[in-house]
Novice: 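Before I ask anything, here is the structure I am working with.
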Amino acid sequence: MILVGLTGGVATGKSTVSRMFARCGAVIIDADALAHQVVEPGKPAWRAIVKTFGKTVLNPDRTLNRQALGALVFRQPAQLRRLEQIIHPRVAREQARLTKSAGRKDPKAVVIYDVPLLFEAGIDARVDKVIVVTADRPTQIARLNRRNGFTRAEAIRRIRSQLPLKHKAAAADYLLDGTISRPRLFTAVKQLYRELLALA
(Lines give C-alpha, C1' and ligand atoms only; values in the text may rest on other atoms or scores of the structure.)
Protein backbone atom coordinates (compact mmCIF):
# COMPACT_ATOMS: atom_id res chain seq x y z
CA MET A 1 0.00 0.00 0.00
CA ILE A 2 1.10 3.56 -0.64
CA LEU A 3 -0.24 6.69 1.09
CA VAL A 4 -0.05 9.76 -1.14
CA GLY A 5 -0.77 13.32 0.00
CA LEU A 6 -2.65 15.39 -2.56
CA THR A 7 -2.64 19.15 -2.11
CA GLY A 8 -2.47 22.45 -3.96
CA GLY A 9 -3.54 26.02 -3.47
CA VAL A 10 -7.15 27.08 -3.12
CA ALA A 11 -8.95 26.76 -6.50
CA THR A 12 -6.02 25.09 -8.29
CA GLY A 13 -8.08 22.03 -9.35
CA LYS A 14 -7.23 19.63 -6.51
CA SER A 15 -10.80 18.31 -6.16
CA THR A 16 -10.96 17.61 -9.90
CA VAL A 17 -7.69 15.66 -9.68
CA SER A 18 -9.00 13.77 -6.64
CA ARG A 19 -12.11 12.65 -8.57
CA MET A 20 -9.89 11.55 -11.47
CA PHE A 21 -7.78 9.39 -9.14
CA ALA A 22 -10.99 7.83 -7.81
CA ARG A 23 -11.98 6.96 -11.40
CA CYS A 24 -8.59 5.22 -11.79
CA GLY A 25 -9.29 3.05 -8.74
CA ALA A 26 -7.48 4.92 -5.94
CA VAL A 27 -8.93 5.02 -2.43
CA ILE A 28 -9.70 8.67 -1.63
CA ILE A 29 -9.66 10.04 1.90
CA ASP A 30 -10.94 13.61 1.90
CA ALA A 31 -9.67 15.75 4.80
CA ASP A 32 -12.46 18.31 4.31
CA ALA A 33 -15.12 15.58 4.53
CA LEU A 34 -13.47 14.26 7.71
CA ALA A 35 -13.33 17.81 9.12
CA HIS A 36 -17.10 18.10 8.47
CA GLN A 37 -17.73 14.81 10.27
CA VAL A 38 -15.70 15.64 13.39
CA VAL A 39 -17.58 18.94 13.90
CA GLU A 40 -21.12 17.55 13.70
CA PRO A 41 -23.37 18.95 16.46
CA GLY A 42 -22.65 17.49 19.88
CA LYS A 43 -19.29 15.95 18.95
CA PRO A 44 -16.22 16.91 21.06
CA ALA A 45 -14.74 19.18 18.34
CA TRP A 46 -18.09 20.95 17.91
CA ARG A 47 -18.30 21.55 21.67
CA ALA A 48 -14.71 22.90 21.72
CA ILE A 49 -15.45 25.27 18.81
CA VAL A 50 -18.61 26.65 20.44
CA LYS A 51 -16.73 27.10 23.73
CA THR A 52 -13.84 28.89 21.96
CA PHE A 53 -15.68 31.03 19.39
CA GLY A 54 -19.17 31.39 20.87
CA LYS A 55 -22.64 30.56 19.61
CA THR A 56 -22.48 33.18 16.83
CA VAL A 57 -20.73 30.54 14.68
CA LEU A 58 -23.83 28.28 14.77
CA ASN A 59 -26.77 28.03 12.40
CA PRO A 60 -30.31 27.84 13.89
CA ASP A 61 -30.14 24.01 13.57
CA ARG A 62 -26.93 23.99 15.72
CA THR A 63 -24.67 23.02 12.79
CA LEU A 64 -21.57 25.15 12.27
CA ASN A 65 -22.03 28.25 10.16
CA ARG A 66 -18.83 27.84 8.12
CA GLN A 67 -19.03 31.28 6.56
CA ALA A 68 -19.33 32.99 9.96
CA LEU A 69 -16.49 30.88 11.35
CA GLY A 70 -14.37 31.45 8.22
CA ALA A 71 -14.90 35.22 8.39
CA LEU A 72 -13.78 35.12 12.02
CA VAL A 73 -10.61 33.06 11.61
CA PHE A 74 -9.24 34.00 8.18
CA ARG A 75 -8.58 37.58 9.32
CA GLN A 76 -6.84 36.48 12.52
CA PRO A 77 -3.98 33.97 12.28
CA ALA A 78 -4.10 33.23 16.04
CA GLN A 79 -7.80 32.34 15.83
CA LEU A 80 -7.17 30.17 12.76
CA ARG A 81 -4.48 28.28 14.70
CA ARG A 82 -6.87 27.72 17.61
CA LEU A 83 -9.46 26.26 15.22
CA GLU A 84 -6.84 24.02 13.58
CA GLN A 85 -5.70 22.75 17.00
CA ILE A 86 -9.27 21.61 17.67
CA ILE A 87 -9.89 19.97 14.29
CA HIS A 88 -6.55 18.61 12.97
CA PRO A 89 -5.75 15.96 15.64
CA ARG A 90 -9.26 14.49 15.34
CA VAL A 91 -9.07 14.41 11.53
CA ALA A 92 -5.61 12.77 11.75
CA ARG A 93 -6.95 9.94 13.93
CA GLU A 94 -9.82 9.28 11.53
CA GLN A 95 -7.47 9.35 8.50
CA ALA A 96 -5.15 6.81 10.16
CA ARG A 97 -8.10 4.50 10.84
CA LEU A 98 -9.36 4.73 7.23
CA THR A 99 -5.86 4.18 5.79
CA LYS A 100 -5.38 1.01 7.88
CA SER A 101 -8.77 -0.24 6.78
CA ALA A 102 -7.92 0.37 3.06
CA GLY A 103 -4.60 -1.49 3.49
CA ARG A 104 -6.37 -4.48 5.04
CA LYS A 105 -8.87 -4.65 2.17
CA ASP A 106 -6.18 -4.28 -0.53
CA PRO A 107 -2.46 -4.56 0.33
CA LYS A 108 -1.65 -2.93 -3.06
CA ALA A 109 -4.00 0.04 -2.55
CA VAL A 110 -3.08 3.53 -3.70
CA VAL A 111 -4.56 5.73 -0.96
CA ILE A 112 -4.86 9.40 -1.88
CA TYR A 113 -5.20 11.69 1.13
CA ASP A 114 -6.72 14.91 -0.23
CA VAL A 115 -5.59 17.68 2.17
CA PRO A 116 -5.69 21.44 1.46
CA LEU A 117 -3.28 22.20 4.36
CA LEU A 118 -0.92 19.24 3.89
CA PHE A 119 2.30 21.24 4.47
CA GLU A 120 0.81 23.78 6.88
CA ALA A 121 -0.36 20.96 9.20
CA GLY A 122 2.87 18.94 8.85
CA ILE A 123 1.03 16.02 7.21
CA ASP A 124 3.70 15.75 4.49
CA ALA A 125 5.82 13.93 7.10
CA ARG A 126 3.14 11.20 7.40
CA VAL A 127 2.72 10.33 3.71
CA ASP A 128 4.93 8.35 1.30
CA LYS A 129 4.65 10.76 -1.65
CA VAL A 130 3.24 14.25 -2.25
CA ILE A 131 1.35 15.49 -5.32
CA VAL A 132 0.81 19.24 -5.70
CA VAL A 133 -1.78 20.63 -8.12
CA THR A 134 -0.72 24.05 -9.40
CA ALA A 135 -2.42 27.02 -11.07
CA ASP A 136 -1.41 30.61 -11.74
CA ARG A 137 -2.85 33.29 -9.44
CA PRO A 138 -5.19 34.92 -12.05
CA THR A 139 -6.79 31.47 -12.58
CA GLN A 140 -7.21 30.98 -8.81
CA ILE A 141 -8.81 34.43 -8.43
CA ALA A 142 -11.16 33.88 -11.39
CA ARG A 143 -12.23 30.45 -10.06
CA LEU A 144 -12.85 31.79 -6.53
CA ASN A 145 -14.93 34.59 -8.02
CA ARG A 146 -16.96 32.17 -10.14
CA ARG A 147 -17.25 29.41 -7.53
CA ASN A 148 -17.58 31.35 -4.26
CA GLY A 149 -18.56 34.83 -5.42
CA PHE A 150 -15.38 36.23 -3.80
CA THR A 151 -14.21 39.72 -4.66
CA ARG A 152 -10.62 40.02 -5.86
CA ALA A 153 -9.54 41.20 -2.37
CA GLU A 154 -11.32 38.27 -0.65
CA ALA A 155 -9.79 35.81 -3.12
CA ILE A 156 -6.28 37.17 -2.54
CA ARG A 157 -6.77 37.03 1.25
CA ARG A 158 -7.86 33.37 1.01
CA ILE A 159 -4.89 32.51 -1.25
CA ARG A 160 -2.47 34.26 1.12
CA SER A 161 -3.85 32.39 4.15
CA GLN A 162 -2.12 29.30 2.75
CA LEU A 163 1.57 28.53 2.24
CA PRO A 164 2.69 30.04 -1.11
CA LEU A 165 2.11 27.61 -3.97
CA LYS A 166 5.73 27.88 -5.12
CA HIS A 167 6.90 26.50 -1.73
CA LYS A 168 4.46 23.58 -2.01
CA ALA A 169 5.57 22.89 -5.58
CA ALA A 170 9.23 22.89 -4.53
CA ALA A 171 8.52 20.24 -1.87
CA ALA A 172 6.37 17.99 -4.11
CA ASP A 173 7.32 14.59 -5.50
CA TYR A 174 4.90 15.11 -8.41
CA LEU A 175 3.32 18.22 -9.96
CA LEU A 176 0.06 18.37 -11.90
CA ASP A 177 -1.01 21.51 -13.79
CA GLY A 178 -4.60 22.29 -12.80
CA THR A 179 -5.05 24.74 -15.69
CA ILE A 180 -4.73 22.30 -18.61
CA SER A 181 -7.79 20.80 -20.33
CA ARG A 182 -9.68 18.03 -18.49
CA PRO A 183 -8.76 15.32 -21.04
CA ARG A 184 -5.04 16.19 -20.82
CA LEU A 185 -5.21 16.34 -17.03
CA PHE A 186 -6.93 12.94 -16.86
CA THR A 187 -4.21 11.46 -19.09
CA ALA A 188 -1.56 12.83 -16.70
CA VAL A 189 -3.46 11.46 -13.66
CA LYS A 190 -3.77 7.98 -15.24
CA GLN A 191 -0.04 7.92 -15.99
CA LEU A 192 0.77 8.98 -12.41
CA TYR A 193 -1.65 6.42 -10.98
CA ARG A 194 0.18 3.66 -12.87
CA GLU A 195 3.50 4.88 -11.41
CA LEU A 196 2.10 4.91 -7.87
CA LEU A 197 0.56 1.48 -8.32
CA ALA A 198 4.02 0.16 -9.17
CA LEU A 199 5.33 1.59 -5.87
CA ALA A 200 2.47 0.22 -3.72
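For reference, positions follow the sequence shown, starting with 1.
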Novice: If we ignore hydrogens and angles and just use 3.5 Å, is the side chain of N145 paired with the main-chain N or O of F150 as donor and acceptor?
Specialist: yes

Novice: Identify whether the distance between the nearest side-chain nitrogen and carboxylate oxygen of R81 and E84 falls below 4.0 Å.
Specialist: no

Novice: Check for a donor-acceptor pair, side chain of T7 on one end and backbone N or O of V132 on the other, with a separation under 3.5 Å.
Specialist: no

Novice: Taking all atoms of both residues into account, what is the closest heavy-atom pair of V38 and K43, and its distance?
Specialist: O-CB, 3.6 Å

Novice: Donor-acceptor check, side chain of K168 to backbone of F119, threshold 3.5 angstrom: yes or no?
Specialist: no

Novice: Under a 3.5 Å distance rule, please check whether K108 uses its side chain to pair with a backbone N or O of A200 as donor and acceptor.
Specialist: yes

Novice: When you measure from the side chain of N65 to the backbone of V57, do you find a donor-acceptor pair of N or O atoms at a distance under 3.5 Å?
Specialist: no

Novice: Give the intermediate values and the outcome of side chain to side chain contact (heavy atoms under 4.5 Å, CB included) for residues D114 and F21.
Specialist: CA-CA 11 Å; D114 178 345; F21 271 113; over 6 Å; no

Novice: Of all heavy-atom pairs between Q162 and P116, which one has the smallest distance, and what is that distance?
Specialist: NE2-CB, 4.5 Å

Novice: For the backbone of A71 and the side chain of R75, can you confirm whether one donor and one acceptor N or O come within less than 3.5 Å of each other?
Specialist: yes

Novice: How long is the straight-line distance from CZ of R158 back to CD1 of I156, given to the nearest 0.5 Å?
Specialist: 13.5 Å

Novice: Answer yes or no: is there a donor N or O on one side and an acceptor on the other, between the side chain of T99 and the main chain of Q95, under 3.5 Å?
Specialist: yes

Novice: Any donor and acceptor pair, going by atom type alone, linking the side chain of T12 with main-chain N or O of G178 inside 3.5 Å?
Specialist: no

